Every structure is written in structure tokens, then in C-alpha cells.
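These numbers were taken from a predicted model, which means no experiment stands behind them. By convention here, the first residue in the shown sequence is residue 1.
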Amino acid sequence: MRLGIALCVVMLMLIGCTSSVVPTPAENMDSTSAPSEETSLGADLPQDDPLLERADAAGQLPGEAVLALVDALNKTAWQTAYSSYASPSMDYATAAREWAEARETYLDFRILEVRVTASDAAWVRVVYAVTTNPPSSAIRPVTVDEPGEWWPVHKVDGLWKTRWMPRQ
């Protein structure tokens with residue numbers, strides 16, 4: 001029993017003697033680089049900068065931009081969804097056709113955290129379930145539970161927009 005207490009005291013002393021400085025991301029970290037899934041709690045993301053402006057030119061916050069995108073996709077408002085992306089990698093007609101064929105529906109979409117890391121860059125950590133129901137195949141559910149995944153958001157012409165995702 002005494003040995004256990006002694007070990008606890010030694011450990012507490014060692015912990016108390018270590019630096020309490022939280023390591024920061026590497027200086028050369030690009031605020032647009034995607035976080036890895038292994039550290040999806042954000043260890044490899046720049047920290048939130050509370051001094052940066054949150055709202056965009058329309059008064060919308062980064063998380064609200066992500067919610068607007070998901071809402072547009074769920075309502076099949078393809079033009080609104082397309083305009084919610086910072087840099088679509090395909091033309092509107094192709095994207096709308098693919099969305100209509102996939103028939104995706106986001107369920108239980110929640111924002112867990114928002115980090116504004118530059119005047120024109122933010123990260124939004126989300127959890128959700130999405131089902132894809134293409135006409136020629138079976139329903140494919142995908143669930144992203146906690147710790148969630150980070151969605152990059154950028155200001156384009158003064159408005160927050162979600163970056164086109166590799167999964168899409």
C-alpha cells in the first residue's frame with residue numbers, strides 16, 4: 001500500500017515539474033492542409049484564433065455555411081449547394097446530375113467544434129449519418145461518429161464556403 005502511495009506521489013511530482021506549455025502545430029503547417037483521421041480531435045490543426053473575424057460579409061459564421069450546404073443537399077437545391085462550395089472540381093451540370101443520381105440524405109448532422117485559423121480559413125468538426133440510395137444499387141449508409149471529421153471552410157469573395165471534399 002505504501003509503495004502504491006509513494007509511486008503516486010513520485011508521479012505527481014514528475015507531472016508537476018514538467019512544462020505546462022501545450023505544443024503548437026509546426027510553424028510550417030498550412031491552414032488548408034487536411035487533418036488526419038488519427039488526430040481528428042485537432043492535434044494537427046492550427047488552434048482557433050479568437051482575434052480573427054468570425055462572420056463573413058453576409059454575417060454568416062463558418063458553421064452556418066456548412067449547415068446551409070447540408071440543408072441545400074437534403075432539399076435537393078442543387079444550385080444553392082453548388083454555390084456553397086469554395087472550389088467545385090466539376091461543372092454545375094455534372095455535379096447536379098451526380099447528386100440527383102446518388103440521392104444522398106444527411107441525418108443527425110451536428111457541429112462539434114469550429115476553428116477559425118486564418119482570416120479566410122476555418123475548420124468545422126462534424127458528425128453525421130448519410131445514406132446514398134442510387135437507383136442502380138443498394139442503399140449505402142455511412143456514419144461519422146465522434147471524434148468526427150474536419151470539413152475545411154474558406155472565405156471566397158468575403159463569404160464562407162465549404163471546400164469541395166475528396167469523398168464527393
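- Sorted pairs that involve residues 129-148 and meet ring pair (Phe, Tyr, Trp, His ring centres under 6.0 Å), not counting sequence neighbours, are lacking altogether.
- Looking only at side-chain heavy atoms (C-beta outward), V66 and F109 come within less than 4.5 Å of each other.
- The distance from atom CH2 of W123 to atom OG1 of T117, rounded to the nearest 0.5 Å, is 7.5 Å.
- Taking the salt bridge (Lys or Arg N to Asp or Glu O under 4.0 Å) definition, one finds that D49 meets it with nothing, sequence neighbours left out.
- Counting heavy atoms from C-beta outward, S84 and T162 have side chains that stay 4.5 Å or more apart.
- A121 approaches H154 most closely through the heavy-atom pair CB-ND1, 4.1 Å.
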Legend entry - Verdict with supporting geometry, E101 and R103, salt bridge (charged side-chain N to carboxylate O under 4.0 Å, His left out): CA-CA 6 Å; E101 289 172 358; R103 299 189 307 187; over 6 Å; no
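- If you chain together hydrophobic residues whose side chains sit under 4.5 Å apart, V124 and L67 fall into the same group.
- Residues passing the side chain to side chain contact (heavy atoms under 4.5 Å, CB included) test with D108: none are found, sequence neighbours excluded.
- In this structure, L112 is not a member of the same hydrophobic cluster as V144, with clusters built from ILVMFWY side-chain heavy atoms closer than 4.5 Å.
- W78 and Y106 end up in the same hydrophobic cluster when Ile, Leu, Val, Met, Phe, Trp and Tyr side chains are linked at under 4.5 Å.
- The backbone N or O of V127 sits nowhere less than 3.5 Å from a side-chain atom of R110 that would complete a donor-acceptor pair.
- Side-chain atoms of D120 never come within 3.5 Å of backbone atoms of K155 as a donor-acceptor pair (strictly under, hydrogens ignored).
- With a 4.5 Å cut-off on side-chain heavy atoms, P46 and R115 do not count as touching.
- Listed by chain and residue number, T94 satisfy the side-chain hydrogen bond (donor to acceptor under 3.5 Å, both in side chains) test with D91 (two or more places apart in sequence, or in another chain).
- Counting only residues at least two apart or in different chains, side chain to side chain donor-acceptor pair (under 3.5 Å) contacts with residues 134-145 are absent.
- Linking Ile, Leu, Val, Met, Phe, Trp and Tyr whenever their side-chain heavy atoms come within less than 4.5 Å leaves V156 and V153 in two separate clusters.
- Partners of S89 by side-chain hydrogen bond (donor to acceptor under 3.5 Å, both in side chains), not counting sequence neighbours, listed by chain and number: W164.
- Remark: L159 engages D56, A57, A58, K161 in a side chain to side chain contact (heavy atoms under 4.5 Å, CB included) (not counting sequence neighbours).
- Scanning for side-chain hydrogen bond (donor to acceptor under 3.5 Å, both in side chains) contacts around E104 gives T132, with sequence neighbours left out.
- Shown here are the side-chain hydrogen bond (donor to acceptor under 3.5 Å, both in side chains) partners of R54, two or more places apart in sequence or in another chain: D48.
- The distance from atom CD of E98 to atom CE of M90, rounded to the nearest 0.5 Å, is 4.0 Å.
- Residues forming a side chain to side chain contact (heavy atoms under 4.5 Å, CB included) with A81 (at least two apart in sequence, or on another chain): L69, A72, L73, W99.
- When side chains are defined from C-beta on, P62 counts as touching V116, because their heavy atoms get closer than 4.5 Å.
- Here the two rings, on W151 and Y85, have centers that are 6.0 Å apart or farther.
- Pairing each heavy atom of E53 with each of W160, the nearest pair is O-CZ2, 4.3 Å.
- Residue pairs meeting the salt bridge (Lys or Arg N to Asp or Glu O under 4.0 Å) criterion with at least one partner in residues 64-89, sequence neighbours excluded, are D71-K75.
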